[in-house]
Chemist: 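Let me begin by handing over the structure; questions about it come next.
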Number of protein chains: 2
Amino acid sequence: MGRDRATLADVAKRAGLSKTAASMVLNGREGTRLSAEAHQRVFAAAEELGYRPNVAARSLRTRKTATIAFVSDIVATTRFAGGLIRGALDAARERDHVLLITETQGDATFERYAIEAILDRQVDGVIYAAMATRRLSVPPAILSGPVVLLNATSAEDLPCVLPDDEGAAAAIAETLLGCGHRDRIALIGRNRQKERDPEISLAAEARLRGIRATLAAAGVSLLVESFCPEWLPEHGYTATRALLARPDRPTAIICMNDRLAFGAYQALGEAGLTIPDDISVISFDDDPTASWLRPRLSTAALPHEQMGRRAVELLLDGEAPAQSLVPMPLRRRRSVAAPAGSPAAEHD
Amino acid sequence: MGRDRATLADVAKRAGLSKTAASMVLNGREGTRLSAEAHQRVFAAAEELGYRPNVAARSLRTRKTATIAFVSDIVATTRFAGGLIRGALDAARERDHVLLITETQGDATFERYAIEAILDRQVDGVIYAAMATRRLSVPPAILSGPVVLLNATSAEDLPCVLPDDEGAAAAIAETLLGCGHRDRIALIGRNRQKERDPEISLAAEARLRGIRATLAAAGVSLLVESFCPEWLPEHGYTATRALLARPDRPTAIICMNDRLAFGAYQALGEAGLTIPDDISVISFDDDPTASWLRPRLSTAALPHEQMGRRAVELLLDGEAPAQSLVPMPLRRRRSVAAPAGSPAAEHD
DNA sequence: ATGCTCTGCTAAATCAGTTTAGCGACGTAG
DNA sequence: CTACGTCGCTAAACTGATTTAGCAGAGCAT
């Protein structure tokens with residue numbers, strides 16, 4: 001892999017100059033007094049030899065590797081990981097950096113291994129990512145260098161990147177209000193664990209807060225809040241069936257995520273109800289399947305790619321260490337309409 | 001990031017030996033004549049100082065970095081990428097290696113950048129991955145070192161890892177035959193482009209071949225073969241509606257992938273048909289949504305994690321450069337049953 | 001002529017390992 | 001007594017870059 005590459009010494013010799021001169025020219029060092037002609041010769045030589053610096057040699061001296069470690073708890077399980085990685089990858093490339101990826105799987109041994117691997121390789125910084133928005137504790141060993149938390153916060157209050165769940169929740173509530181839904185809005189996906197333990201989720205509490213505050217400002221409160229043991233399709237299905245059994249059927253359902261909404265669609269379909277004419281459905285995440293559903297599901301998108309980018313920007317462009325909230329764009333699709341019988345209920 | 005680390009010189013000094021001795025002991029060099037006591041002292045010193053070798057310094061000399069490049073065309077778009085990466089990550093960790101990830105996005109400029117980044121960092125080998133099983137052309141620059149193709153083949157016939165689509169197709173056909181389906185099996189997802197151009201897909205042709213051969217061996221042929229412009233839910237939906245309009249309604253539908261099956265479910269649901277009592281559905285990929293559907297979808301799983309592993313094994317354990325076919329396990333779920341009215345049609 | 005600064009460049013040290021070549025002490029054979 | 005081999009270990013070269021310290025020559029003022 002990459003034998004016989006030209007070295008700086010080769011370039012220098014060909015340019016008839018010293019390694020020092022070649023190094024300075026190629027690194028664009030200011031304040032050097034090398035002649036314009038010397039510059040030309042070095043550039044020409046480098047070009048002709050196809051010179052590329054050896055990263056190992058350089059970083060031995062400079063302690064910079066142009067490499068960022070991307071450490072996450074889980075890569076594969078969640079389909080969103082790809083977005084985080086891709087955003088980070090893009091931003092890293094723009095800054096001439098590269099990503100070293102490791103996964104801890106929430107296992108202490110693997111985590112130790114990951115940490116050692118990245119310290120041994122002297123990465124320039126670490127992006128510590130969680131696949132579910134949550135609080136976590138960062139292994140102290142990596143605090144010796146720059147760290148950005150991605151989709152997570154920690155006790156050390158390091159710079160971090162989070163999705164704006166509360167804002168998204170507000171937007172969702174406003175959308176429903178705007179359509180004319182008021183007293184018959186149901187929520188699916190309350191979950192004590194997720195709401196209480198920030199190490200499990202930060203999203204649950206923020207979403208709930210955003211929805212309630214926005215509705216309250218309009219003098220409205222939720223009709224029902226269904227609890228679910230998990231945010232999976234089957235729980236959305238069960239919860240929706242329960243809702244439909246009530247005398248005061250809701251006109252709209254907010255699901256805490258798209259998987260619940262997926263289950264809600266199944267239950268509504270079985271019950272012979274039409275979305276959005278009979279009931280509107282809206283949710284969070286913008287899972288790829290959201291746009292496979294019929295009608296396509298309105299949902300607040302987790303901006304994973306943006307978040308990945310932002311993490312790299314925070315890490316490399318060293319802005320003020322802060323908490324960076326990335327807005328969650330609301331994807332307005334066909335699953336939301338005015339409630340049946342409302343004055344605004346002409347079909348759009 | 002990792003300042004003040006103990007160096008080999010520190011270890012040597014503490015052990016009262018030379019750097020040479022320390023290096024040899026720590027690397028477990030055979031044939032050295034260092035005393036047992038010297039070994040002890042070096043190990044003890046390394047332990048006490050928490051010594052970890054500097055990878056940059058080492059690889060400068062040895063040209064080994066314990067790093068593998070994982071180059072893919074697209075990371076984020078497909079939800080399967082995670083599996084490939086995770087498998088590779090696991091296998092790499094077991095071999096004390098780490099993964100450097102880059103993405104070309106099918107763009108020549110990005111690819112060039114990725115290649116340079118990789119060569120500059122002297123990775124020990126390259127895994128060149130495609131997100132859809134296909135033939136591709138490998139940039140010559142990386143052929144100077146070990147390369148394994150993942151989910152792809154190439155003209156250079158490099159070692160490669162592929163899913164066994166043909167075998168999976170045979171298993172699917174056999175499953176249907178075994179349930180008693182014979183002359184009324186439909187196929188959704190024929191696609192000339194995919195079948196003809198190996199740079200787009202190798203799966204389409206292999207799946208078709210496997211299905212046909214297995215059915216033919218039982219003296220059966222497909223009732224219909226529906227063409228689709230893409231393998232997306234909407235096309236599965238349309239194709240299924242067309243099938244249902246026929247007088248000889250199929251008893252089973254094979255979909256070329258789960259997204260098509262997703263659309264088929266929608267069409268069947270709308271038509272008031274029950275899966276699997278009225279019609280069985282089976283497909284390929286085992287997309288996560290397959291188990292969200294009601295009834296859960298039977299499908300041949302793309303073994304992404306296995307494939308990622310295998311690629312690393314081929315790369316690092318240097319077996320005979322070969323084509324490695326990874327079996328696609330058939331996930332038998334509730335979407336397949338005996339055809340209505342068949343002798344075997346007691347509900348299971 | 002002397003001292004001074006400025007210009008344009010280079011020698012050598014340095015980073016932290018691996019590897020080659022070989023040294024001194026000791027035992028033994030001739 | 002010398003030659004030779006073995007044992008246990010080390011000095012120094014080497015990898016390919018960056019960086020520090022400084023040198024030679026020109027131009028200028030005194």
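This structure is a prediction, so every number in the text was calculated from the model and none was measured.
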Chemist: Could you state the NZ-P distance from A:K64 to C:dT14, rounded to the nearest angstrom?
Modeler: 21 Å
Chemist: Could you check how far CD of A:Q122 sits from P of D:dA17, rounded to whole Å?
Modeler: 17 Å
Chemist: Which nucleotide sits closest to the side chain of B:S18: C:dC15, C:dT18, D:dT10?
Modeler: D:dT10
Chemist: Does the distance from a Lys or Arg side-chain N to an Asp or Glu carboxylate O, for B:K13 and B:D10, drop under 4.0 Å?
Modeler: no
Chemist: Of the nucleotides D:dG22, C:dC15, C:dT18, which one has an atom closest to the side chain of A:R33?
Modeler: D:dG22
Chemist: Could you check how far CG of A:L49 sits from P of D:dG16, rounded to whole Å?
Modeler: 14 Å
Chemist: Output the single nucleotide from D:dG16, C:dT18, C:dT10 whose closest atom is nearest the side chain of A:L17.
Modeler: C:dT10
Chemist: What does B:T20 touch in the nucleic acid at a heavy-atom separation under 4.0 angstrom: a base, only the sugar-phosphate, or nothing?
Modeler: base
Chemist: Rounded to whole Å, how long is the line connecting atom CG of A:L34 with atom P of C:dT10?
Modeler: 8 Å
Chemist: Looking at C:dG17, I'd like to know if its phosphate oxygens (OP1 or OP2) sit under 4.0 Å from a side-chain N or O belonging to B:R61.
Modeler: no
Chemist: May I ask you to say what A:A56 touches in the nucleic acid, namely base, sugar-phosphate or nothing, with a heavy-atom cut-off under 4.0 Å?
Modeler: nothing
Chemist: Contact class for A:R58 (heavy atom, under 4.0 Å): base, sugar-phosphate, or nothing?
Modeler: sugar-phosphate
Chemist: Separation of A:R52 atom CZ from D:dG16 atom C1', in whole Å?
Modeler: 15 Å
Chemist: Under 4.0 Å between a side-chain nitrogen and a carboxylate oxygen: does that hold for A:D317 and A:R95?
Modeler: yes
Chemist: With the threshold set at 4.0 Å, does a side-chain nitrogen-carboxylate oxygen contact exist between A:E116 and A:R112?
Modeler: no
Chemist: Whole angstrom is fine here: how far is it from CE in B:M24 over to P in D:dT10?
Modeler: 11 Å
Chemist: So that I can tick it off, tell me whether B:E37 and B:R41 are bridged by a salt bridge, with the cut-off set at under 4.0 angstrom between side-chain N and carboxylate O.
Modeler: yes
Chemist: Among D:dT19, C:dC15, D:dT10, which is the nearest nucleotide to the side chain of A:R63?
Modeler: C:dC15
Chemist: Does B:S23 place a side-chain N or O at less than 4.0 Å from the phosphate oxygens OP1/OP2 of C:dT18?
Modeler: yes
Chemist: Would you mind classifying the nucleic acid contact of A:T62 as base, sugar-phosphate or nothing, using non-hydrogen atoms under 4.0 angstrom?
Modeler: sugar-phosphate
Chemist: What is the distance from CZ of B:R29 to P of D:dC9, rounded to the nearest Å?
Modeler: 16 Å
Chemist: Map B:K19 and B:T32 onto DNA chain D by nearest heavy atom, then report which one ends up closer to the 5' terminus.
Modeler: B:T32
Chemist: Donor-acceptor pair, distance only, cut-off 3.5 Å: does the side chain of A:D124 make one with the backbone of A:I68?
Modeler: no
Chemist: How many whole angstroms separate atom NE2 of B:H39 from atom C1' of D:dG8?
Modeler: 12 Å
Chemist: Using OP1 and OP2 only, check whether a side-chain N or O of B:N54 sits under 4.0 Å from C:dC15.
Modeler: no
Chemist: For A:S35, report the nucleic acid contact type (base, sugar-phosphate, nothing); a contact means any heavy atom under 4.0 Å.
Modeler: sugar-phosphate
Chemist: In terms of side-chain heavy atoms, does B:D73 have a donor or acceptor partner in B:T104 at a distance below 3.5 Å?
Modeler: no
